[in-house]
*Asks:* 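Sending over a structure as structure tokens; questions will come in a sec.
What you see below is based on every heavy atom in this structure, not just the backbone, and it leaves out hydrogens, waters and symmetry mates.
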Amino acid sequence: MSTIEKLREVILKMKKKNITAANLTPEARFLQDLSFDSQDQTEMLVLAEEAFGISVDFQEVKNMATIAAAVEYIDKKTGINILSALTNN
């Protein structure tokens, strides 16, 4: 399962009414498109820590705006080489 697929599952577990799998594109913005507030972002990050086995530095991610940015951060924390993953598909 790719990072974005796993992150989508994490976000869908939050059960926000306006969020569907179709909303969770790489370009989706947490505040504008998904109506996340700071509590939602914190919940997502805590769930991501559990799902990916990482420790999130909340200062590093406080300005993270999109799903793609979250995936990039998670991949960096888990040691996944994004270019390698893209070329092996």
Side-chain angles (χ1 to χ4, degrees):
M1 179 179 297
S2 71
T3 304
I4 193 164
E5 291 168 332
K6 196 169 183 178
L7 184 59
R8 282 183 183 132
E9 284 185 1
V10 165
I11 294 170
L12 289 171
K13 284 182 186 177
M14 295 172 60
K15 300 194 186 296
K16 285 193 50 94
K17 292 178 184 172
N18 64 325
I19 297 179
T20 65
N23 297 96
L24 300 176
T25 64
E27 300 81 19
R29 298 167 296 175
F30 293 113
L31 297 175
Q32 296 89 341
D33 301 325
L34 304 177
S35 301
F36 270 36
D37 59 21
S38 60
Q39 184 177 354
D40 295 326
Q41 283 189 297
T42 300
E43 180 183 357
M44 179 199 66
L45 293 169
V46 169
L47 291 171
E49 283 183 320
E50 294 170 5
F52 291 96
I54 60 173
S55 178
V56 173
D57 179 337
F58 288 86
Q59 289 301 314
E60 286 181 3
V61 297
K62 67 181 179 181
N63 295 319
M64 185 170 46
T66 65
I67 298 281
V71 168
E72 184 177 343
Y73 179 81
I74 292 165
D75 284 347
K76 181 177 128 186
K77 294 295 272 188
T78 58
I80 294 174
N81 182 325
I82 297 168
L83 292 177
S84 166
L86 291 174
T87 58
N88 288 331
N89 287 334

*Asks:* How would you list all residue pairs meeting side chain to side chain donor-acceptor pair (under 3.5 Å) that involve residues 43-57, not counting sequence neighbours?
*Replies:* none
*Asks:* If you define the side chain from C-beta out and look only at heavy atoms, does anything of Ile19 sit under 4.5 Å from Leu24?
*Replies:* yes
*Asks:* Using the rule that Ile, Leu, Val, Met, Phe, Trp and Tyr join whenever any side-chain heavy atoms are under 4.5 Å apart, tell me whether Val10 and Leu31 fall into a single cluster.
*Replies:* no
*Asks:* Excluding sequence neighbours, so at least two apart, what forms ring-ring contact (aromatic ring centres under 6.0 Å, His included) with Tyr73?
*Replies:* none
*Asks:* Measure across Leu7 and Ala70 and return the closest heavy-atom pair with its distance rounded to 0.1 Å.
*Replies:* CD2-CB, 3.7 Å
*Asks:* Looking at Ser35 and Asp40, what are the two nearest heavy atoms and their distance?
*Replies:* O-OD2, 3.7 Å
*Asks:* Checking Ile54 against Thr78 for the side chain to side chain contact (heavy atoms under 4.5 Å, CB included) test, could you report, in this order, the C-alpha distance in whole Å, the side-chain angles of both residues, the deciding distance, and whether it holds?
*Replies:* CA-CA 7 Å; Ile54 60 173; Thr78 58; 3.4 Å; yes
*Asks:* Can you name the closest pair of heavy atoms from Arg8 and Thr25 and give their distance?
*Replies:* NH2-CA, 4.4 Å
*Asks:* Taking all heavy atoms of Pro26 and all of Ile4, pick out the closest pair and write down the distance.
*Replies:* CG-CD1, 3.7 Å
*Asks:* Identify, with sequence neighbours excluded, every residue that meets ring-ring contact (aromatic ring centres under 6.0 Å, His included) alongside Phe36.
*Replies:* Phe30
*Asks:* Would a single hydrophobic cluster contain both Met1 and Ile67, if residues Ile, Leu, Val, Met, Phe, Trp and Tyr are joined by side-chain heavy-atom contacts under 4.5 Å?
*Replies:* no
*Asks:* Could you give the distance from OG1 (Thr3) to NZ (Lys76), rounded to the nearest 0.5 Å?
*Replies:* 14.5 Å
*Asks:* Applying the side-chain contact (heavy atoms from CB on, under 4.5 Å) criterion to Lys62, which one of Glu60, Gln59, Met64 satisfies it?
*Replies:* Gln59
*Asks:* Answer yes or no: are there more than 12 heavy-atom neighbours, outside Gln32 itself, under 6.0 Å from its atom CD?
*Replies:* yes
*Asks:* So which atom in Phe58 and which in Thr42 form the shortest heavy-atom distance, rounded to 0.1 Å?
*Replies:* CE2-CG2, 4.4 Å
